[in-house]
Engineer: 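For reference, the structure I am asking about is given below.
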Amino acid sequence: MADSTPPSQETLSNLLHETRSYPPPAALAADANVKADAYEAAAADRLGFWEEQARRLQWEQPWDTVLDWNPPFATWFDGGRINASVNCVDRHVDAGLGERVALQWEGEPGDTRTITYAQLKDMVSQAANALTQLGVAKGDRVAIYMPMIPETVVAMLACARIGAVHMVVFGGFSVDALGSRLDDSQAKLVITADGGYRRGKASALKPAVDGAVADRPAVEKVLVVRRTGQDVEWTDRDVWWHEVVETQSTEHTPEAHDAEHPLYIMYTSGTTAKPKGILHTTGGYLTQVSYTHWAVFDLKPETDVYWCAADIGWVTGHSYIVYGPLSNAATVVMYEGTPDTPHRGRFWEIIEKYKVTIAYMAPTAIRTFMKWGDEIPAKYDLSSLRVIGSVGEPINPEAYVWYRENIGGGSTPVVDTWWQTETGAIMVSPLPGVTSGKPGAAMRAVPGIVADVVDENGASVPDGDGGFIVIREPWPSMLRGIWGDPERYKDTYWSRFEGLYFPGDGAKKDEDGDLWLLGRVDDVMLISGHNISTTEVESALVSHPRVAEAAVVGAADKVTGQAIVGFVILRGGGEEVPEDLVQELRNHVGTSLGPIAKPARLLAVPELPKTRSGKIMRRLLRDIAENRAVGDTSTLTDSSIMDVIAKQLPSAS
Ligand code: WT7
């Protein structure tokens with residue numbers, strides 16, 4: 001790892017002064033799904049604990065072995081056979097819950113759909129029949145590039161039902177990003193829509209798919225949902241959802257799959273340019289998402305109305321819109337659009353309208369709402385809320401307290417949930433009926449998970465010290481590997497500390513032994529709660545003819561957590577990036593990676609700081625981007641370069 005000094009010494013000392021702590025409301029604690037004894041029970045018999053959680057699901061055939069551990073490869077619930085879609089749908093209908101609302105969907109323009117579990121079962125069955133008819137078989141990969149509409153959920157569950165492996169690509173990603181994921185996964189079907197509504201207008205999706213599949217013969221068919229009714233190009237490869245799916249029989253007999261049968265691939269950015277296809281399998285994954293959704297949100301499926309504001313294109317949507325909540329027979333609110341359309345109170349309007357009791361969103365959104373002003377949420381009745389969650393990046397204490405006060409009415413527990421695409425499910429989080437939450441702390445590993453903070457030699461640090469978070473024991477929803485690249489799986493996660501899983505985050509144990517997550521320590525940036533690799537953005541920049549070399553860093557940003565700052569050496573020189581070129585380069589990165597990866601700022605430099613082995617020292621560039629005194633430059637080939645850069649950029653922000 002090039003640059004693995006925890007970036008957040010300042011954060012760390014600020015956080016040390018944070019002494020607020022909020023005990024759970026008495027009524028919630030008394031009636032909580034999970035009480036304090038769960039920690040001890042799980043610690044005393046960890047595998048027995050996970051077996052008990054697996055029994056929350058319906059298995060067609062029980063497992064023989066709970067865990068088979070050949071580090072770093074794990075097999076959970078071997079011998080067991082299970083179908084994820086049956087667990088999310090049929091099982092609840094069979095239990096007499098067919099009339100319960102599964103999806104309460106709200107379109108951005110204000111159109112709505114209410115889908116019961118019985119209806120969802122019919123929709124999933126039809127889609128499963130259609131997939132089979134389109135030639136999709138067990139083990140095949142299916143790409144899903146969709147807006148936030150119920151058909152997206154249906155498509156995922158239909159894949160799971162027939163054992164096809166879904167690969168959802170965030171609808172905001174570009175043609176190229178979609179294309180490289182199609183290449184890597186070799187998907188044979190793409191499910192998409194004409195478009196979706198975003199920021200008050202119909203935003204097209206089909207053209208990106210047209211572009212991506214044009215020279216990719218591995219894609220046999222493109223299945224298109226009509227959402228916006230906008231004009232689309234049409235080829236022989238395309239079929240309409242309403243013609244091929246909605247005409248199918250609603251009868252479909254599911255087959256159970258092995259517990260370790262692949263359920264999905266989700267691509268995430270790593271420290272190199274190539275995104276990693278994170279592989280999740282069925283039984284263990286479903287066990288942990290189901291358990292954590294029930295435990296961390298204290299879900300009471302009969303009465304709760306649950307809303308996770310993430311996009312299904314990210315892992316949060318997979319685990320906590322689809323598989324966790326639906327496996328628990330929850331009523332799930334799903335919203336298509338942006339938080340400021342048609343007005344900045346949209347989220348609070350949705351909570352008031354559907355009497356949402358549990359809400360889950362990202363710190364970047366919370367900070368945006370803070371900026372928009374307290375008076376906006378104050379106009380709405382948010383008293384239905386009883387647990388509110390945060391995910392995606394460290395939540396700063398101020399944002400936590402604002403969330404608790406202004407959204408949670410000053411008494412609703414905030415659960416700050418730490419996990420990753422790779423962990424599949426929540427790993428570190430308060431339990432709302434047990435934990436006295438501290439603003440900014442994810443607190444403790446959930447029952448059944450063994451997390452620790454270690455120093456650079458892998459030794460556990462004492463309370464009060466900082467270091468790197470690690471996971472000591474395998475967990476049911478852990479990634480099973482990187483699609484097509486087992487070596488990279490070992491190198492990335494299991495080589496830094498012998499025998500320990502290293503997620504790449506810095507962390508701190510406070511005097512009580514509670515955990516504070518401090519952000520990435522590698523070359524991955526966290527932009528609005530999403531991993532973006534520095535290398536990927538750099539590669540995009542240098543693919544532009546005007547850029548000779550580029551280095552990007554994530555600089556602290558009040559709203560997005562980190563903002564991308566790019567340092568570029570221009571071909572033909574230049575001390576400044578002209579304004580029109582700034583726009584051109586930002587758009588260039590947007591086209592190759594997606595708008596989320598556009599640099600917020602671009603600075604021209606004569607040279608980049610490099611170590612003797614040629615690695616860019618991003619740490620020093622981050623110092624500049626964050627207006628700090630530049631740190632230790634002793635390993636640079638030429639230590640004067642930082643003076644040159646700093647002089648040229650007296651104030652980077
Ligand atoms: C990285 C994983 C978890 C799903 C969404 C992001 C950061 C996530 C927290 C949190 C501090 C957090 C970590 C992690 N992160 N949640 N509650 N506190 N940091 O998934 O794209 O795989 O990103 O997000 O740095 O490693 P992802």
Side-chain angles (χ1 to χ4, degrees), residues 4 6-8 11-12 15 168 170 173 265-271 275-278 280 288-289 292-293 296 308-321 323-324 360-367 388-397 399-400 403 414-430 437-446 451 453 468-471 477-479 482 492-493 496 501-508 514-533 536 554 560-562 594 596-597:
S4 62
S8 323
T11 327
L12 211 141
L15 289 177
V168 181
F170 173 53
F173 275 152
I265 304 169
M266 169 102 257
Y267 285 83
T268 186
S269 299
T271 52
K276 298 171 291 196
I278 302 301
H280 284 294
Q288 194 175 331
V289 294
T292 50
H293 180 255
V296 169
C308 166
D311 193 284
I312 287 187
W314 309 109
V315 74
T316 307
H318 283 50
S319 299
Y320 297 105
I321 296 178
Y323 291 108
Y360 193 27
M361 59 190 76
T364 183
I366 297 166
R367 288 190 298 264
I388 51 181
S390 165
V391 62
E393 59 180 311
I395 179 164
N396 16 3
Y400 177 112
Y403 192 35
V414 174
V415 287
D416 172 15
T417 63
W418 177 88
W419 58 293
Q420 312 177 286
T421 304
E422 292 88 337
T423 68
I426 295 170
M427 301 292 278
V428 180
S429 170
K438 302 174 186 174
M443 302 300 292
R444 283 181 77 171
V446 297
V453 179
F468 307 93
I469 189 163
V470 293
I471 310 297
S477 65
M478 66 192 278
L479 74 165
I482 295 175
T492 311
Y493 306 105
R496 180 71 177 79
Y501 174 84
F502 177 48
D505 282 14
K508 151 105 198 153
D514 293 323
L515 301 179
W516 301 67
L517 275 302
L518 302 174
R520 306 289 309 177
V521 298
D522 54 19
D523 291 337
V524 176
M525 301 173 287
L526 265 176
I527 313 299
S528 299
H530 300 300
N531 279 348
I532 310 275
S533 93
E536 256 181 306
T560 54
Q562 289 192 314
I596 195 170

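Every number for a ligand or one of its atoms is a count from 1 in the order of the listing. Position 1 is the first residue of the sequence, and the numbers go up from there.
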Engineer: Taking atom types as modelled, is there a side-chain donor on Tyr320 or Thr292 under 3.5 Å from an acceptor on the other?
Structural biologist: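 Yes, side-chain donor-acceptor contact under 3.5 Å.
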
Engineer: Could you pull out the N/O contacts under 3.5 angstrom between ligand 1 and the surrounding protein atoms?
Structural biologist:
| unit_1 | atom_1 | unit_2 | atom_2 | d |
| --- | --- | --- | --- | --- |
| ligand 1 | 15 (N) | Gly392 | O | 3.3 |
| ligand 1 | 16 (N) | Gly392 | N | 3.1 |
| ligand 1 | 17 (N) | Asp416 | OD1 | 2.7 |
| ligand 1 | 17 (N) | Thr417 | O | 2.8 |
| ligand 1 | 18 (N) | Glu393 | O | 3.3 |
| ligand 1 | 19 (N) | Pro394 | N | 3.3 |
| ligand 1 | 22 (O) | Thr421 | N | 2.8 |
| ligand 1 | 22 (O) | Thr421 | OG1 | 2.6 |
| ligand 1 | 23 (O) | Asn531 | ND2 | 3.4 |
| ligand 1 | 24 (O) | Gly392 | O | 3.2 |
| ligand 1 | 25 (O) | Asp505 | OD1 | 2.9 |
| ligand 1 | 25 (O) | Asp505 | OD2 | 2.8 |
| ligand 1 | 26 (O) | Gln420 | NE2 | 3.0 |
| ligand 1 | 26 (O) | Asp505 | OD1 | 3.0 |
| ligand 1 | 26 (O) | Asp505 | OD2 | 3.2 |
| ligand 1 | 26 (O) | Arg520 | NH1 | 2.9 |

Engineer: Nearest 0.5 Å, please: how far is OG1 in Thr421 from CD1 in Ile265?
Structural biologist: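 Rounded to the nearest 0.5 Å, the CD1-OG1 separation comes to 13.5 Å.
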
Engineer: Checking Thr417 against Tyr360: is there a side-chain donor and acceptor pair closer than 3.5 Å?
Structural biologist: yes

Engineer: Let's go through Asn531 and Arg520 carefully: what are the C-alpha distance in whole Å and the side-chain angles of both, what is the deciding distance for side chain to side chain donor-acceptor pair (under 3.5 Å) to 0.1 Å, and is it a yes or a no?
Structural biologist: CA-CA 9 Å; Asn531 279 348; Arg520 306 289 309 177; 4.7 Å; no

Engineer: Could you tell me whether the side chain of Gln288 reaches within less than 4.5 Å of the side chain of Trp419, counting heavy atoms only?
Structural biologist: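 No, side chains not in contact.
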
Engineer: Can you list everything that forms a ring-ring contact (aromatic ring centres under 6.0 Å, His included) with Trp418? Sequence neighbours excluded, please.
Structural biologist: none

